[in-house]
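Below, each value reflects all heavy atoms present in this structure, side chains not excepted, and no hydrogens, waters or symmetry copies.
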Amino acid sequence: MATATVGYLLGEVAGEPPAWALGGVALALALVAGGFVPVRLEGSPWRVPRHWAALGPVPYAGVFGVALGTGLATALSSPGLYLVVLWPLGAPNWLLAVIPFLGVAAGRAFPLVLMSARSFSRGRHPSADLRRFSRWAGRLDIAETVILIILAVMWIGG
């Protein structure tokens, strides 16, 4: 919520960007998400090493995952997250700046909760199901591309 608040305040002070500019960014990100423009999203150099995911019991893994926050300091594997970070600049009010961040938080938390519950019920560590959930997450690029295209059309079309 802090990132949304800072972005919203920056947009209020510096002026909101034109809708067509956000639409252009959304369209460019849709091309990346759809694989039409081959851009690798390596993420931050401060991202958490993968081998840390296997440390600790299930509750620790859950708390650790929540502590990672929005993903700005971890691997940014989603082009749409860049648009969410820019979204508050053009938001008409603070609540509309925060809602996309809450959606991202829910989207990031849901697989962790589901994976942890499944692993806990089977008496395994969540990392045991990580590969299965990673394959599932890899299929979301189509939905992300469609959503980014819809946003681009809305903003560019006025």
Inset, instruction - Enter the distance from Leu148:CG to Leu27:CG here, rounded to the nearest 0.5 Å. - result: 9.0 Å

Legend entry - Between CH2 on residue Trp87 and CG on residue Leu22, distance to nearest 0.5 Å: 8.5 Å

Legend entry - Same apolar cluster (I L V M F W Y, side chains within < 4.5 Å links), Ile99/Leu10: no

Inset, instruction - Hey, could you give me the CD1/CE distance between Ile149 and Met154, rounded to the nearest 0.5 Å? - result: 13.5 Å

Legend entry - Transitive ILVMFWY side-chain link Val6 to Leu81, under 4.5 Å: no

Inset, instruction - Report yes if some heavy atom in the side chain of Phe101 is under 4.5 Å from a heavy atom in the side chain of Pro88; otherwise report no. - result: yes

Inset, instruction - To the nearest 0.5 Å, tell me how far Leu96 CG sits from Tyr8 OH. - result: 9.0 Å

Inset, instruction - Hey, could you give me the CG/CD1 distance between Leu29 and Ile147, rounded to the nearest 0.5 Å? - result: 13.0 Å

Inset, instruction - Verify the cluster assignment for Leu95 and Val85: are they in a single hydrophobic cluster under the rule of side-chain heavy atoms below 4.5 Å apart? - result: no

Legend entry - Closest non-hydrogen atom pair between Ala26 and Leu83, with its separation: CB-CD2, 3.8 Å

Inset, instruction - Output yes when a side-chain donor or acceptor of Glu16 lies under 3.5 Å from a complementary backbone atom of Pro92, and no otherwise. - result: no

Inset, instruction - Locate the shortest heavy-atom distance separating Pro17 from Leu89; write the atom from each residue and the value. - result: CD-O, 3.4 Å

Inset, instruction - Enter the distance from Thr5:OG1 to Leu9:CG here, rounded to the nearest 0.5 Å. - result: 6.5 Å

